[in-house]
Protein chains: 2
Amino acid sequence: MEYSINKLSKMSGISTRTLRYYDEIALLKPVRVASSGYRIYGRKEIDTLQQILFYKELGFSLDKIKKFLTAPDFDMETAFNHHLVELLNQRERLDGLIDNVKKSLAAIKGEITMSDKEKFAAFAQRLVDENERKYGAEIRAKYGDGTVDASNERVRGITKEQYERAKRLNTKFEETLKSAFATGDPAGELAQKACELHKQWLCIFYPNYSKEYHLGLGELYISDERFKTNYEKLAAGCTEFFREAINVFCKE
Amino acid sequence: MEYSINKLSKMSGISTRTLRYYDEIALLKPVRVASSGYRIYGRKEIDTLQQILFYKELGFSLDKIKKFLTAPDFDMETAFNHHLVELLNQRERLDGLIDNVKKSLAAIKGEITMSDKEKFAAFAQRLVDENERKYGAEIRAKYGDGTVDASNERVRGITKEQYERAKRLNTKFEETLKSAFATGDPAGELAQKACELHKQWLCIFYPNYSKEYHLGLGELYISDERFKTNYEKLAAGCTEFFREAINVFCKE
DNA sequence: ATAAACTATTCCGTAACGTCAAAGTCAAGA
DNA sequence: TCTTGACTTTGACGTTACGGAATAGTTTAT
């Protein structure tokens, strides 16, 4: 059974434009092309399209979906784990936004008159990051935006002592990680100690620490350039190494 | 006090590229431009930038932020309310994705067998998405958001009775299909009755039933392994037979 | 034969910038 | 004064996953 692009489109609910796009990026090629240039799809292509739609529903990018389909021995479990971590991060960020918007709304409805826009803006700014202005820039410069943005709510209440402690922990952590990297064994004692230090550091900003989140952070370090360059400064390949270490650490 | 683009960039943590972009879209213009073409910012621009960053932290688009800043009597409360609703919707969607990814992960790991019930739920979810994708915007444009949400709710939160009815229908359908397959005639009375039962089953989840969709479903059953194995359990070759039957059924 | 329906290939646009590239500007040391 | 280096400018392309439009060729039906 053969299908024109329009037939396939109507069957699947996917626009012809999209199907052409999938052809263009080699995600879904027609089984053959007629002499007229018309695309012709077969049964196998319908099957593939269904799979594509399935992965799409889970929020995977087309690029990853392509890898799923082309590499037959793709490590699905790892890929899904990565994806889950990413989604969890996204949700946490959303939670933060929602929280702040709710607060701002309350402020608007409350004592602020809408006419006095400037007053409100000033107030709202104070509302969001009183502490952020004090330490935020400093922290941001050191650890990258992600730390501040993702944990705005928690960072806000951080004390100077805590900040000093974080700084000390971080120094110690970097030293330990560097030594650990020299051993080349991410499961070794040194590497695991680095993980422990990192966990302590992390707990300052994220009181609700979980292994799941720690694991996710390992992924974040690799995928986020800002973190990666930070760690790569210690040693080339250090980020990957640290991720391995975290993987071991969190599985114990 | 006057600031070069670099100074402002370093003070605010915003890249020069971004500042130029904000100039380009008229979100933040420099106070003046030197004869050399260099941008020069003043104190007022710093304040404006702070405001921009505040709104950005709440997840507003630059376009909306511009309206906040330029329209002096903007209805903040309404805008914030809309924004909040949008964020909540996004989170709900994320929750759904996370749920599905978790389930898929469990399935991959083999922790649970994709039971019939879950298959069922997955399928229902897919129908919702498809329904939303196809008609959502249209309906929403006509009747407002409420309608779609209610409609989706109906599908997602199918009642126990509906579920029971679906189950009964499905059993009956399978029996009929099995008998029909024995006759070998996809255009015969029994096969057509099976199609009718299938249609009724389908209509529980898909109120906007159309022959076209039913037809497409026939293809889906053959191409999707999860469905295919389900039907092949009844009899070998049964899936193909059923598709033929649907073809006849929908052409009447 | 001609109109209707279908299909193809560009190309532009989306949001919010990052990342070069080529070229002009400014302050300071030799 | 010349040159070097730091700084700045304006393009222009890349990113995601397509939507939409323009233009031109193909197939099908009457």
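Because the structure is predicted, anything quoted here is derived from the model rather than measured. The sequence lines fix the lettering, A, B, ..., with proteins before strands; numbering per chain opens at 1.
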- request: Answer with base, sugar-phosphate or nothing: what part of the nucleic acid does A:S15 contact at a heavy-atom distance below 4.0 Å?
  value: sugar-phosphate
query: Is there a side-chain polar atom (N or O) of A:R20 under 4.0 Å from OP1 or OP2 of C:dT9?
result: no
task: Would you please confirm or rule out a distance under 4.0 Å between OP1 or OP2 of C:dA5 and any side-chain N or O of A:N6?
output: no
message: Taking 4.0 Å as the cut-off, does a side-chain nitrogen or oxygen of A:S61 come that near to OP1 or OP2 on D:dT16?
response: no
- request: Compare side-chain N and O positions of B:Y21 against OP1 and OP2 of C:dA15 and report whether any pair is under 4.0 Å apart.
  value: no
message: Categorize A:S4 for me: base, sugar-phosphate, or nothing, with a 4.0 angstrom heavy-atom threshold over every strand shown.
response: sugar-phosphate
field: First of A:G37 and B:T18 reached from the 5' end of DNA chain C, by closest nucleotide
entry: A:G37
query: Which is true for B:I25 with a 4.0 Å heavy-atom rule: it touches a base, it touches only sugar-phosphate, or it touches nothing?
result: nothing
query: Is there a side-chain polar atom (N or O) of A:R17 under 4.0 Å from OP1 or OP2 of D:dG20?
result: no
message: Quick check on D:dT27: is either OP1 or OP2 less than 4.0 Å from any side-chain nitrogen or oxygen of A:S36?
response: yes
message: Can you tell whether the side chains of A:R43 and B:E240 come within less than 4.0 Å, N to carboxylate O?
response: yes
Distance below 4.0 Å between A:K64 side-chain N/O and D:dT16 OP1 or OP2: no
task: Please state how far atom CG in A:L28 lies from atom P in D:dA17, giving the value in whole angstrom units.
output: 15 Å
- line: By ring pair (Phe, Tyr, Trp, His ring centres under 6.0 Å), A:Y55 pairs with (sequence neighbours left out) A:F68
query: According to a strict under-4.0 Å criterion, is B:K56 in side-chain N/O contact with OP1 or OP2 of C:dC17?
result: yes
- prompt: Once you round it to whole Å, what is the distance between P of D:dC7 and CG of B:L19?
  reply: 15 Å
